[in-house]
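Data first, discussion second: the structure below is written as structure tokens.
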Amino acid sequence: MNPSRIPPGPKGRLLFGHFPDYAHDPLGFLTRSARSYGDVVSLRVPGTRLYLINNPEYIEQVLSETNVTFINHKGIRTTPALRLFRRALLTTEGTDWQNQRRLAYPAFRHERIADYAAVMVACTEQMLDSWRDGEERDLHEDLIRLNLAIVARTLFNSDLSGGIGEIATVFDVLKEGFVTRNWMRSLGAVLPLPNSRKFEQAARRLDRMVDSIILKRKNGGADSGDLLSILMSAHDEDGHSITTEQLRREVLTFLFTGHKAIGVAMSWTWYLLASYPDVQKRLLSELRNTLGDRRPSVNDVPQLVYTMMIVKEALRLYPPGWAVGREAVRECKVGGYHVPAGTQLVLSQWVTHRDPRFFERPEEFWPERWGRDLAKQIPKYAYFPFGGGARSCLGRAFAEMNAVLVLATMAQRFEMSLVSNHPVELVPSFALIPKEGIWVVPLAR
């Protein structure tokens, strides 16, 4: 390989490289770098060689070679909050990851997911019954709690109605651990800083809550056919059953990532709908023509074509996972450029999904674009909200069905408009979080 074949990139600062610019505006910095320097961009962060990958062909190469040439970005194993998920499906590598994915897969088969539909609609109805016509609501908080209830009911057959508020509060504390800067991460590991103590206390509370879910299932002895039952009865190739510690980590992983990713996605979907009233009107027209006055079911999902277009377009503009990190475990080439072992690669859905080479009017919310068989016209990895390759999201079908059913159920009963004096600020954390929520006024239909 030619070691001089290094990608172009912006000029960084002498000591800190590009980190200050990235930390100030991650999404803007990555977008500007991609548009200015091309498909492979060299960036410098103290102690780390980093390449930003912006070509769908190269993105496919990296994702398809995950577990072979590339592994998860090393930061995903050291971020404070992700210590909670150590040795779980989210953070493991190699054969451990393959075994754990194999154990969890049966809970996400098509026939199992279909059984979850009624729960999704029922939980949404229960949330809407508490709303009042014309009141101001933080829709993001409502949807986060709704999806926490849905994930708990469908995957763990656990009714958390009495503890949703407490669990949501704990998760709010934990999410700060995903955005702690590297230097603070090291300091917090050895000093009893207030934020560190707060994080550890929240982690212990969450462990106790999850342990109570597991203990209740063990004492009941019933096999509900859900993810928890599947994991508890599973055995590895050597005949060993999953340990209690491992079970806790998997439950935590699916509870946290499942409800956060779907809740955030639904929040931005409604933010866009409230900003584009004409799209809301067309959505309602489809729902009336397809459903009439009845609530949606799993059999309606294939017929709710425009509803799915809305979901896909919202995931294009506001993908919950806005970037994927990988680490090269051996020397290789990407896009003709030399990639030394240890190089960190960033593949950003935010950047690629808004690339004008692949999407006409890329900054506009335009669901109709998906009605022209767009998915077959653009490169495969110009759109990858659920990742790709071997580590693609296990819950993709679950998330898409949930989004369609929740959206349809809500839109049948309420029209949404944004509250003008509550501006929406986007924060790229573990997901694309609306900092102060998304405040809306729901108007009963």
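Keep in mind that what you see is a predicted model, and the values were worked out from it rather than measured. Side chains included, hydrogens not; waters and symmetry mates left out as well; all remaining heavy atoms used.
- Between D133 and A444, the shortest heavy-atom contact is OD1-N, 2.8 Å.
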Run the side-chain contact (heavy atoms from CB on, under 4.5 Å) check on L317 and F359 step by step: do they pass?
CA-CA 11 Å; L317 286 169; F359 299 99; over 6 Å; no
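- The side-chain tip of R354 does not point at the ring of F365 from less than 6.0 angstrom away and within 45° of straight on.
- Side-chain contact between L27 and L426 is present, with at least one heavy-atom pair separated by less than 4.5 Å.
- Here the side chains of L146 and I150 are in contact, with some heavy-atom distance below 4.5 Å.
- Counting only distance, with no hydrogens or angles, the side chain of H353 and the backbone of F384 share a donor-acceptor pair below 3.5 Å.
- Relative ring orientation between Y22 and F19 is described as tilted, the plane-to-plane angle lying within the 30° to 60° band.
- Checking side-chain atoms of Q280 against main-chain N and O of M416 turns up a donor-acceptor pair under 3.5 Å.
- Q349 places a side-chain N or O within donor-acceptor distance of the main-chain N or O of A323, the cut-off being under 3.5 Å.
- The neighbour count for R357 CZ, taken as heavy atoms of other residues, nucleotides or ligands under 6.0 Å away, is above 12.
- The shortest distance between side-chain heavy atoms of V419 and R137 does not fall below 4.5 Å.
- When atom types are taken as modelled, the side chain of N402 and the backbone of F398 share no donor-acceptor pair closer than 3.5 angstrom.
- For the 3.5 Å distance criterion, the side chains of T352 and D355 fail to qualify, holding no donor opposite an acceptor.
- Q412 places no side-chain N or O within 3.5 Å of a backbone atom of R295 that could act as its donor or acceptor partner.
- Annotation: side-chain hydrogen bond (donor to acceptor under 3.5 Å, both in side chains) contacts involving residues 50-59, sequence neighbours excluded, comprise D39-N55.
- Without hydrogens or angle criteria, S348 side chain to W322 main chain gives a donor-acceptor distance under 3.5 Å.
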Applying side-chain contact (heavy atoms from CB on, under 4.5 Å), run through L315 and V311 and close with a yes or a no.
CA-CA 6 Å; L315 288 172; V311 171; 4.0 Å; yes
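- Atom NE2 of H140 and atom NZ of K435 lie 13.5 Å apart (nearest 0.5 Å).
- Proximity of a side-chain donor or acceptor of E135 to a complementary backbone N or O of R132 within less than 3.5 Å is detected.
- Separating the OG1 atom in T343 from the OH atom in Y337 is a distance of 14.5 Å, to the nearest 0.5 Å.
- Within the 4.5 Å cutoff, side-chain heavy atoms of R316 are placed close to those of Y383.
- Between the side chain of D300 and the backbone N or O of S297 there is at least one donor-acceptor pair closer than 3.5 Å.
- Aromatic ring orientation, W439 versus H422: parallel (interplanar angle below 30°, classes split at 30° and 60°).
- Checking V62, I53, I59 one by one against Y381, the side-chain contact (heavy atoms from CB on, under 4.5 Å) holds for a single residue, I59.
- A 4.5 Å side-chain heavy-atom check between R413 and W131 finds every atom pair outside the cut-off.
- In this structure, S275 and L418 approach most closely via the heavy-atom pair OG-CD1, 3.4 Å.
- The nearest pair of heavy atoms linking I310 to L407 is CG2-CD2, 4.0 Å.
- Here the shortest heavy-atom pairing between P379 and P56 reads CB-CB, 3.6 Å.
- Using a distance-only test at 3.5 Å, with no hydrogens or angles considered, a donor-acceptor pair links the side chain of R445 to the main chain of F414.
- Counting heavy atoms from C-beta on, the side chains of R326 and E65 never come closer than 4.5 Å.
- For the pair R282 and Y306, the cation-pi test (distance below 6.0 Å, angle within 45°) is passed.
- Closest approach of L283 to A411, counting heavy atoms only: CD2-CB, 3.6 Å.
- A donor-acceptor contact shorter than 3.5 Å links the side chain of E313 to the backbone of W366.
- For E364, the CD atom is densely surrounded, since the number of other residues' heavy atoms within 6.0 Å is greater than 12.
- For the atom pair CZ (R32) and OH (Y37), the distance works out to 11.0 Å, reported to the nearest 0.5 Å.
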